[in-house]
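Right, one structure below, let's go through it.
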Number of protein chains: 2
Amino acid sequence: MTIHVLVIDDDPTFNAVLSRALTRRGYAVSSATKAEQALSAARAQPPGAVVLDLNLGSSSGLQLIRPLLDIAPECRIVVLTGYASIATAVEAIKLGATQYFAKPIEVEAIVAVFDAPEEFEEAGEGEVPSDPLSVGRLEWEHIQRVLHEHEGNISATARALKMHRRTLQRKLAKRPLKA
Amino acid sequence: MTIHVLVIDDDPTFNAVLSRALTRRGYAVSSATKAEQALSAARAQPPGAVVLDLNLGSSSGLQLIRPLLDIAPECRIVVLTGYASIATAVEAIKLGATQYFAKPIEVEAIVAVFDAPEEFEEAGEGEVPSDPLSVGRLEWEHIQRVLHEHEGNISATARALKMHRRTLQRKLAKRPLKA
DNA sequence: CGCCTGCTGCGTCATTCTGTCGCAGCAGGC
DNA sequence: GCCTGCTGCGACAGAATGACGCAGCAGGCG
């Protein structure tokens with residue numbers, strides 16, 4: 001039976017490229033660029049798997065996880081984001097996502113999640129790294145954690161970190177460094 | 001009723017410092033530096049909370065999560081590691097850890113996890129830490145820890161941190177910033 | 001003992017980042 | 001409608017960084 005995958009990303013080009021790659025690998029694919037559109041699509045045809053970006057214009061992909069699981073409790077949600085952080089990874093998994101990846105990532109890694117058997121706890125992918133985080137990456141993770149605790153309030157986060165708001169905004173606007 | 005916290009880290013100095021900080025905040029604390037010792041301690045006195053490092057000599061702290069939850073199903077496990085990655089964060093939460101933090105982190109963030117009400121899925125996490133580390137202080141402590149692990153070798157530390165050696169030397173030459 | 005490798009301290013320069021200032025618009029509360 | 005706080009962002013002076021590289025030292029090895 002063909003798995004139906006719903007791809008949710010605010011970038012139509014990204015949706016098209018990923019959809020094509022998944023179709024080529026035998027999946028039935030649909031896509032959405034907005035939160036409401038995604039939920040409507042899921043209700044119309046409950047997906048077996050979802051690829052979910054976190055930046056969806058003004059809303060956060062995190063807020064879609066529970067509604068998606070309400071509609072399709074067995075579906076596997078792979079979170080994919082260009083602004084990956086440990087804080088949002090922890091929250092996504094607790095909300096019920098199956099996996100969380102930083103962009104860019106190979107399509108094979110995504111489909112491996114779809115095809116994995118139930119309860120694959122010992123995936124081995126969670127090797128503890130041998131290198132510590134770089135200073136830039138540690139800063140990014142720290143900022144993201146404090147921002148998360150302040151519920152996205154940039155002014156409050158800047159005050160808590162004793163950093164100028166302008167500087168914080170510049171840092172947040174950049175893609176995070178590779179670990 | 002006093003919460004009993006088990007601190008598991010291979011660095012005895014870190015154990016002592018964190019144990020003292022937690023004792024000062026009203027917790028009953030015990031600690032272990034090895035996996036087997038940790039499990040024995042947990043069986044002897046099932047903890048209400050655990051602070052768990054991932055690097056435990058030759059073994060991984062990830063492998064302790066399930067056994068610890070078998071012994072004390074309700075306990076909250078906070079993973080704390082100097083070698084953080086999104087992949088191990090995902091795996092830790094799936095294995096049943098309550099939270100995952102990169103070192104260094106303020107003690108308040110750890111105890112906020114212990115004290116949070118059940119099922120705090122939304123981002124507020126019960127309470128916002130009053131005073132997170134500033135970015136400068138975070139960087140200083142991270143550098144010091146990695147330098148210590150490289151036994152004072154500045155060149156190796158710079159490589160591990162992916163930082164230019166000149167820059168590291170300038171940073172080390174400065175007084176550490178106030179938190 | 002000379003050679004080699006790696007570590008270390010440090011000056012210099014072009015580039016990048018930061019702190020500061022502040023404008024303008026939006027949202028929410030009263 | 002007013003006020004407060006948040007937000008995005010441009011511009012500028014000063015600080016920091018990455019890069020380069022010199023010079024000296026220590027330890028290992030033949």
Side-chain angles (χ1 to χ4, degrees), chain A residues 9-11 33-36 53-64 81-85 87-88 91 102-103 130-179, chain B residues 82 102 104 122-179:
Chain A
D9 195 295
D10 62 343
D11 180 357
T33 55
K34 291 177 169 43
E36 296 75 17
D53 188 24
L54 289 189
N55 283 340
L56 297 174
S58 58
S59 57
S60 167
L62 287 175
Q63 294 164 352
L64 283 181
T81 175
Y83 294 82
S85 72
T88 56
E91 184 168 1
K103 287 180 179 174
S130 56
D131 284 333
L133 292 172
S134 66
V135 164
R137 184 75 208 191
L138 177 69
E139 173 180 294
W140 172 264
E141 295 295 350
H142 184 65
I143 287 172
Q144 288 296 318
R145 179 180 64 79
V146 177
L147 181 62
H148 189 256
E149 286 166 356
H150 286 83
E151 298 170 327
N153 185 325
I154 291 171
S155 297
T157 301
R159 283 195 298 273
L161 293 171
K162 300 178 177 64
M163 179 187 296
H164 201 274
R165 183 174 64 83
R166 187 73 188 91
T167 299
L168 179 56
Q169 280 180 309
R170 288 190 196 105
K171 288 180 188 286
L172 290 172
K174 286 169 163 179
R175 287 274 289 254
L177 299 166
K178 276 293 193 183
Chain B
E122 293 308 312
E125 289 187 9
E127 79 190 65
V128 171
S130 61
D131 201 10
L133 293 166
S134 67
V135 164
R137 185 74 205 183
L138 177 91
E139 172 181 287
W140 178 261
E141 292 197 15
H142 184 60
I143 287 172
Q144 289 300 319
R145 183 178 56 79
V146 177
L147 183 61
H148 183 263
E149 286 172 4
H150 286 84
E151 300 168 324
N153 185 324
I154 291 172
S155 297
T157 300
R159 284 193 297 273
L161 295 171
K162 298 181 178 62
M163 179 188 293
H164 200 274
R165 182 174 65 82
R166 187 73 189 91
T167 300
L168 179 56
Q169 278 178 314
R170 288 193 197 104
K171 289 181 187 291
L172 291 172
K174 286 172 168 176
R175 288 181 53 179
L177 296 168
K178 280 293 193 185

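FYI, side chains are in, hydrogens and waters are out, and symmetry mates aren't considered; it's all heavy atoms of this structure. The chains referred to below are lettered A, B, ... by the order of the sequence lines, with proteins before strands, and numbering in each begins at 1.
Here the P atom of nucleotide C:dA27 and the CG atom of A:Asn153 are 16 Å apart, to the nearest Å. For the pair B:His150 NE2 and C:dG6 P, the interatomic distance rounds to 15 Å; values are reported in whole Å. Between the CG atom of B:Leu172 and the P atom of D:dT17 there is a distance of 12 Å, given to the nearest Å. Counting to the nearest Å, the P atom of D:dG18 and the CD atom of B:Gln169 are 13 Å from each other. Between the CG atom of A:Leu168 and the P atom of D:dC6 there is a distance of 13 Å, given to the nearest Å.
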Annotated protein contacts, base or backbone, on nucleotides 18-25 of chain C with a non-hydrogen cut-off under 4.0 Å, one of B, S, - each: BBB-B---
Run A:Glu149 and A:Arg145 through salt bridge (Lys or Arg N to Asp or Glu O under 4.0 Å) and show every step you take. CA-CA 6 Å; A:Glu149 286 166 356; A:Arg145 179 180 64 79; 3.2 Å; yes
Trace of the salt bridge (Lys or Arg N to Asp or Glu O under 4.0 Å) decision for B:Asp131 with B:Arg137: CA-CA 12 Å; B:Asp131 201 10; B:Arg137 185 74 205 183; over 6 Å; no
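The B:Ser155 side chain lies nearest to C:dC7 when the options are D:dC6, C:dC7, D:dG8.
Salt bridge A:Asp11/A:Lys103: absent, no basic N to carboxylate O contact under 4.0 Å.
Residue A:Arg159 places at least one side-chain N or O closer than 4.0 Å to OP1 or OP2 of D:dC6.
With hydrogens and angles disregarded, a donor-acceptor distance shorter than 3.5 Å links the side chain of B:His150 to the backbone of B:Val146. In this structure a side-chain-to-backbone donor-acceptor pair under 3.5 Å is missing from A:His142 to B:Glu139. When atom types are taken as modelled, the side chain of A:Trp140 and the backbone of A:Ala84 share a donor-acceptor pair closer than 3.5 angstrom.
Applying side chain to side chain contact (heavy atoms under 4.5 Å, CB included) to A:Val135 and the options B:Val135, B:Ile143, B:Leu138 leaves one that passes, B:Ile143.
Base pairing in DNA chain C gives the following stems of 3 or more Watson-Crick or G-U pairs, range against range and under 3.5 Å: C:1-30 with D:1-30.
Between A:Gln144 and A:His148, the closest side-chain pair of non-hydrogen atoms is not below 4.5 Å.
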